[in-house]
Chemist: 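Take this structure, written in structure tokens, and hold onto it; I'll ask about it next.
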Amino acid sequence: MTQNAVHSAAPHFSDFNLDARILRAIEESGYTTPTPIQSQAIPVVLSGQDVMGSAQTGTGKTASFVLPILQNILPLASTSTSPARHPVRALVLCPTRELAVQVADNAQKYAKHTPIRSAVVFGGMDIKSQTPALRAGVELLIATPGRLLDHLESGNVSLGQVNYLVLDEADRMLDMGFLPDLQRILNVLPKQRQTLLFSATFSPEIRKLAESYQKNPITIETAQRNATSQNITQTVYSVSDKMQKRSALVQLIREQHVEQAMIFVNTKIEARELTRFLQRAKINAQSIHGDQSQTERLATLEGFKKNEVLILVATDVAARGLDISLMPCVINFDLPYNAEDYVHRIGRTGRAGSQGRALSIATPHDDRLLAAICKLTKQAFTAIPLEPTPSREERPRSAERTARPPRAEGEAPRVRNNERSAPHRRSAVEEQELSHLRRKVNLSSDPFFTQPYQPSPSTMSDAEKSKHSTWARPNKQGQNAPVAALFKLGKPSKR
DNA sequence: AAAAAAC
């Protein structure tokens, strides 16, 4: 192994003291140059120290703990068939089931030429199918907390020899909802262990809390704290009230040429209803949220990865960690309640050096949420208004209106009603009106749509601005011009 | 104020 003595060329994975079998798997995955978080974290994890690692979304945090952990446990991996010779040495905890699956897939990929055994356990699936692997023994276990506790209580697994603990999306794992389960797991782990925390975001409170779970942690930050990826062009659009959001969304999808996107909403009900709405507008949409069966969630995510589904309407179950290759666009239909979630949501795009777009829809009601996002990510947004045309006659008919009357505030969500009013029951008039919305609008020559970023009258210094390259883009049209352009072109023609 | 995570 090269020890990186005098090194002028670009860094390479072979610079680390990794076993040839691990290096081979890295090579087969097509990676040559480690990312900054990998360059910095891997040696520290190999050295045995605790790490609190934060790096922007899509910069390879998973490999930065998986690779050195594999290296560290490799000498202990037995080829014996005795379960007793295969205790769990390393445990990775994840906040969602899909993320656990993804991390496990990665671990499997990097471990494939080694005798290290790994398994993943998570809820919502038959527990019996997970038991044999645990009973046979695995060195590396990836899990969601609840199901892991279930297996612990059933005596399917023992964690008494876990020397490496990773909290992936650590700030989430340490929040109130997870803390009790996490504490119960920590209670059965050896005190003598390495604890690694990784996330793109750490609030000051969580950062402080995290310290109590680690021993002299080395903090590794490869970017400004809580920063969004530079690869993502972020735009915020405003509408005057909540009822405008659906038609604004359809406009954005059509006029911004959104071909594949994740659309985030704040509730499971909204995920279901918005998906239904988009499907009626003949948009290829599916949803993913916690009220679905796990089988359905996994199938939908697979379909989205394979481009069989173009629009994935998601709750924050899909906000963190998920790596969907070259996914080009994230839309916040609702702004998230936590500013950190904004960073994670938009981080589903612009990964591994690719370019991405993030569009958000805000109402005046969302001012405080937007302000919190600006503050956290150290950016200023000027929302671009998307106002409906003034006269009732000229106003574009929203697909929502066409499909069914809008739901009044406070009225119970009409979930069952929705199920019955399937697209084939639409009247001819409704069909005709919907066809307006489906009309393909070619706006590629309009400067607004080839120049999506709206710079803000900034209060930032030039030095600060230079850290946010997307800021510097001038808007020759002036702030209101794009709005007018959008509305003129967005109007359905009366024919 | 909501989502997620065990049965």
Side-chain angles (χ1 to χ4, degrees), chain A residues 91-104 120-131 134 141-157 159 166-188 199 201 203 206 242 262-275 287-298 300-301 312-322 332-345 348 362-363 365-370 372-373 409-410 413:
Chain A
L91 173 64
V92 181
L93 294 176
C94 301
T96 67
R97 298 160 180 176
E98 286 77 9
L99 185 56
V101 171
Q102 180 182 294
V103 171
V120 57
V121 299
F122 54 93
M125 304 289 269
D126 184 17
I127 191 163
K128 287 197 293 288
S129 63
Q130 299 170 352
T131 306
L134 291 183
L141 182 58
I142 296 103
T144 51
R147 180 55 64 90
L148 178 61
L149 285 167
D150 204 343
H151 281 294
L152 274 170
E153 284 161 15
S154 310
N156 297 334
V157 69
L159 299 177
V166 180
L167 301 187
D168 197 10
E169 305 296 337
D171 56 333
R172 170 62 79 244
M173 297 307 299
L174 291 169
D175 86 9
M176 296 295 285
F178 277 107
L179 223 39
D181 279 355
L182 180 63
Q183 196 54 57
R184 290 171 62 202
I185 294 167
L186 287 170
N187 287 344
V188 303
S199 181
T201 55
S203 71
I206 294 291
K242 207 171 129 190
M262 289 177 84
I263 301 181
F264 283 99
V265 296
N266 285 350
T267 67
K268 292 179 277 197
I269 289 168
E270 184 66 59
R272 194 159 46 205
E273 293 187 344
L274 184 61
T275 303
S287 61
I288 186 164
H289 58 78
D291 274 352
Q292 295 166 327
S293 74
Q294 191 54 35
T295 315
E296 197 179 352
R297 279 166 55 167
L298 290 167
T300 300
L301 187 59
L312 183 63
V313 180
T315 59
D316 282 326
V317 70
R320 285 171 172 259
L322 298 185
N332 285 302
F333 182 78
D334 296 325
L335 286 183
Y337 292 126
N338 300 313
E340 281 85 2
D341 289 333
Y342 175 85
V343 175
H344 291 277
R345 285 177 176 188
R348 294 322 95 217
T363 69
H365 191 71
D366 298 325
D367 277 355
R368 294 178 65 166
L369 301 180
L370 189 54
I373 291 165
E409 282 291 334

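A, B, ... follow the sequence lines: proteins, then strands. Residue 1 opens every chain.
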Chemist: With heavy atoms under 4.0 Å as the rule, sort N338(A) into base, sugar-phosphate or nothing.
Modeler: base
Chemist: Nearest 0.5 angstrom please: N332(A) CG to L369(A) CG, how far?
Modeler: 10.5 Å
Chemist: What are the two closest non-hydrogen atoms of A271(A) and H289(A), and how far apart are they?
Modeler: CB-CD2, 3.9 Å
Chemist: Holding to side chain to side chain donor-acceptor pair (under 3.5 Å), I want the full list of residues that pass it with D316(A), two or more places apart in sequence or in another chain.
Modeler: R345(A)
Chemist: Considering non-hydrogen atoms only, spot the tightest contact between E340(A) and S203(A) and give its length.
Modeler: OE2-CB, 3.6 Å
Chemist: G123(A) near the nucleic acid: base, sugar-phosphate alone, or nothing, with a heavy-atom cut-off under 4.0 Å?
Modeler: sugar-phosphate
Chemist: Specify the separation, in whole Å, of atom CZ of R345(A) and atom P of dA3(B).
Modeler: 11 Å
Chemist: Name the closest nucleotide to the Y337(A) side chain, picking from dA6(B), dA1(B), dA4(B).
Modeler: dA1(B)
Chemist: Take the protein atom CD of E169(A) and the nucleotide atom P of dA4(B), then report the distance between them rounded to whole Å.
Modeler: 15 Å
Chemist: I need the CG-P distance between L182(A) and dA5(B), as an integer number of Å.
Modeler: 15 Å
Chemist: What nucleotide among dA6(B), dA4(B), dA2(B) has an atom nearest to a side-chain atom of T267(A)?
Modeler: dA2(B)
Chemist: The criterion is salt bridge (charged side-chain N to carboxylate O under 4.0 Å, His left out); which residues satisfy it with D171(A), sequence neighbours excluded?
Modeler: R320(A)
Chemist: Choosing from dA2(B), dA6(B), dA3(B), which nucleotide comes nearest the side chain of K268(A)?
Modeler: dA3(B)
Chemist: Which is true for D181(A) with a 4.0 Å heavy-atom rule: it touches a base, it touches only sugar-phosphate, or it touches nothing?
Modeler: nothing
Chemist: Give a yes/no on whether any side-chain N or O of R172(A) is located under 4.0 angstrom from OP1 or OP2 of dA3(B).
Modeler: no
Chemist: From dA5(B), dA3(B), dA2(B), pick the nucleotide closest to the side chain of E98(A)?
Modeler: dA5(B)
Chemist: Taking CZ from F264(A) and C1' from dA4(B), how many angstroms apart are they, rounded to a whole number?
Modeler: 14 Å
Chemist: Has T96(A) got a side-chain N or O lying under 4.0 Å from the OP1 or OP2 atom of dA5(B)?
Modeler: no
Chemist: Please state how far atom CG in D126(A) lies from atom C1' in dA6(B), giving the value in whole angstrom units.
Modeler: 13 Å
Chemist: Quickly work out the M176(A) CE to dA4(B) C1' distance and round it to whole Å.
Modeler: 14 Å
Chemist: Looking for any heavy atom pair under 4.0 Å, which part of the strands does R320(A) touch: base, sugar-phosphate only, or nothing?
Modeler: nothing
Chemist: Grab the CG-P distance between N332(A) and dA2(B) for me, whole Å please.
Modeler: 18 Å
Chemist: Could you state the CZ-C1' distance from F178(A) to dA2(B), rounded to the nearest angstrom?
Modeler: 13 Å
